[in-house]
Novice: 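Attaching a single structure in structure tokens format; questions to follow.
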Protein chains: 2
Amino acid sequence: MTTAPYHHGNLRAALVEAAVAAARESGPDGLVVRHLARRVGVSHNAAYRHFSDRDALVAEVAEVGMGELTTAMRRRTDRVPPGADPEGEVLAARARLSECGRGYVDFALAEPGLFRVLFAAYPSPPSLGTDGTKDPDDPFVVLNALLDDLVRVGHLAPEARPGAEITCWSAVHGFAVLHSEGPLRELDEATRSAALDVVLETIDRSYGATTGAGRGAAGPG
Amino acid sequence: MTTAPYHHGNLRAALVEAAVAAARESGPDGLVVRHLARRVGVSHNAAYRHFSDRDALVAEVAEVGMGELTTAMRRRTDRVPPGADPEGEVLAARARLSECGRGYVDFALAEPGLFRVLFAAYPSPPSLGTDGTKDPDDPFVVLNALLDDLVRVGHLAPEARPGAEITCWSAVHGFAVLHSEGPLRELDEATRSAALDVVLETIDRSYGATTGAGRGAAGPG
DNA sequence: CAGTGATGTTGACACCGGCAACATCGAGGA
DNA sequence: TCCTCGATGTTGCCGGTGTCAACATCACTG
């Protein structure tokens, strides 16, 4: 029985791991520095040798969560096979956008704690346009690429492209927030799934109709 | 100069008022029982004669916020004049839905603190269908009424009605969250306003196309 | 082998939510 | 009129938390 060495040897990583686990279990409120320290077998305050602040630790967890969210989205979109003919490409691009949204919501429901931490420390997306260095771990980048594709295959009118990323993100994010820990948290699985279908179909249908039709009532009054 | 009396006389109301003010300034984190007590000129712990818990006080603030949110929405929708002919009624109903969303977002941006407190303690909406006792202070009730109207005037197909309330709420709530204190918080006013237009137009356009058209890619894969 | 910087520990402080015991005061019955 | 009693407010305290400061340990480097 070797007595525990004075130095941990890998404290920073161990703390992050414990923090991620705690975030999964209890969200931001579960990220208690002293608890994590004890969980890792180290005295309180040791964490401050590796993180200036509790916030710094939270940010680290958020980054891990961001990666997982992006992965969840990509896993979904990558499963859509490419279309054979032009019409198939359109269907594929539309399906990819929907799957992307489903991945987002699935993650939020499967990992509500991480999801909350994530958005407590989400940085301003660097590129709201299409340029700038694209962080491949940023969900926003993934979404933008899918929407560009939707224009390329001719489903979404180029005039309707600006702002589409915010529309999609808003719809899916709102759905996720309302259902994961918000006022709709008690809906049963079937109802929730059907509601998400409606959200995604609503967007898809709208983008299929971007030929200068619906205008008039939506402008500022 | 009369010395302050031992009993406050109206402590509960004063505390709620101070709490609402604090929530406006700093959100949920600003709701510190001891600060509120001092602010009202009373010692800490006096609050516990009127609220069992800090959470009880937060819930009270949330209720005030809920009322203000509903008011903000109604103020907007009420400004849309009724349509003269059937076609005008359609335009009016569509405009009312958009104005409702704008009111929601405006409130979230004007009162980010209250907005956050509100959704930290938002109860599960009692009636997800159309029946049940309708709390006139519940924004969800307002939204449902507008959507029913949209069906009545023939803009939204009855088959597309189920789930529409969740779609609209999701889109607008997500937009509000992302912009009020989320990753899009730094967007300038003009960009933000244009983006909201896009969101509302996207929904309006989709509802105008609910004639059995767009289907195929959005179903579960 | 001394020493030095990185890492971990101990102890303290301020702050917060909440409990318990005590103080004050107004209203209503003797 | 007086006196009790319940509602309201106060003081003091406890446990938990983030964070700072001073000290301890250890691995490496000259």
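Protein chains get the first letters and strands the later ones, always in sequence-line order, with residue 1 at the start of each.
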Novice: What nucleic acid atoms does Gly41(B) come within less than 4.0 Å of, heavy atoms only: base, sugar-phosphate, or nothing?
Specialist: nothing

Novice: Tell me the interatomic distance from Arg49(B), atom CZ, to dC25(C), atom P, rounded to whole angstroms.
Specialist: 16 Å

Novice: Please tell me if the side chains of Leu200(A) and Leu196(A) come closer than 4.5 Å, counting only heavy atoms from C-beta onward.
Specialist: yes

Novice: Could you tell me whether the side chain of His44(B) has a donor or acceptor atom within less than 3.5 Å of a complementary atom in the base of dG12(D)?
Specialist: yes

Novice: Using a cut-off of strictly less than 4.0 Å, decide whether Ser43(A) has a side-chain nitrogen or oxygen near OP1 or OP2 of dG8(C).
Specialist: no

Novice: Round to the nearest Å and state the distance from Tyr48(A) atom OH to dC13(C) atom C1'.
Specialist: 13 Å

Novice: Take the protein atom CZ of Arg39(B) and the nucleotide atom P of dC16(C), then report the distance between them rounded to whole Å.
Specialist: 14 Å

Novice: List the steps and the verdict of side-chain hydrogen bond (donor to acceptor under 3.5 Å, both in side chains) for Ser206(A) and Arg205(B).
Specialist: CA-CA 6 Å; Ser206(A) 181; Arg205(B) 194 192 314 123; 2.6 Å; yes

Novice: Rounding to a whole Å, what distance do you find between Asp29(B):CG and dC15(C):C1'?
Specialist: 14 Å

Novice: Reckon His50(A) touches a base, only the sugar-phosphate, or nothing at all at heavy-atom distances under 4.0 Å?
Specialist: sugar-phosphate

Novice: Using whole Å, what does the distance between atom C1' of nucleotide dG18(D) and atom CZ of Arg38(A) come to?
Specialist: 15 Å

Novice: For dT8(D), does the base pair up with any side-chain atom of Arg12(B) as donor and acceptor (N or O, under 3.5 Å, distance only)?
Specialist: no

Novice: Counting distance alone, no hydrogens or angles: does the base of dG18(D) have a donor or acceptor under 3.5 Å from a partner atom on the side chain of Arg54(A)?
Specialist: no

Novice: In terms of relative ring orientation, are Trp169(B) and Phe140(B) parallel, tilted or perpendicular, with 30° and 60° separating the classes?
Specialist: tilted

Novice: What is the distance from CG of Leu57(B) to C1' of dG17(C), rounded to the nearest Å?
Specialist: 12 Å

Novice: Using only heavy-atom distances, decide whether a donor-acceptor pair under 3.5 angstrom links the side-chain of Arg34(A) to the base of dG16(D).
Specialist: no

Novice: In whole angstrom, what separates Leu11(A)'s CG from dT9(C)'s C1'?
Specialist: 12 Å

Novice: Looking at Arg116(B) and Glu181(B), is any side-chain nitrogen of the basic one under 4.0 Å from a carboxylate oxygen of the acidic one?
Specialist: yes

Novice: Remember a base hit wins even if backbone is also touched, and classify Leu31(B) as base, sugar-phosphate or nothing at under 4.0 Å, heavy atoms.
Specialist: sugar-phosphate

Novice: Would you check if there is a donor-acceptor pair between the side chains of Thr191(A) and Asp188(A) at a distance under 3.5 Å?
Specialist: yes

Novice: Leu36(B) CG to dC15(C) C1': how many Å, rounded?
Specialist: 15 Å

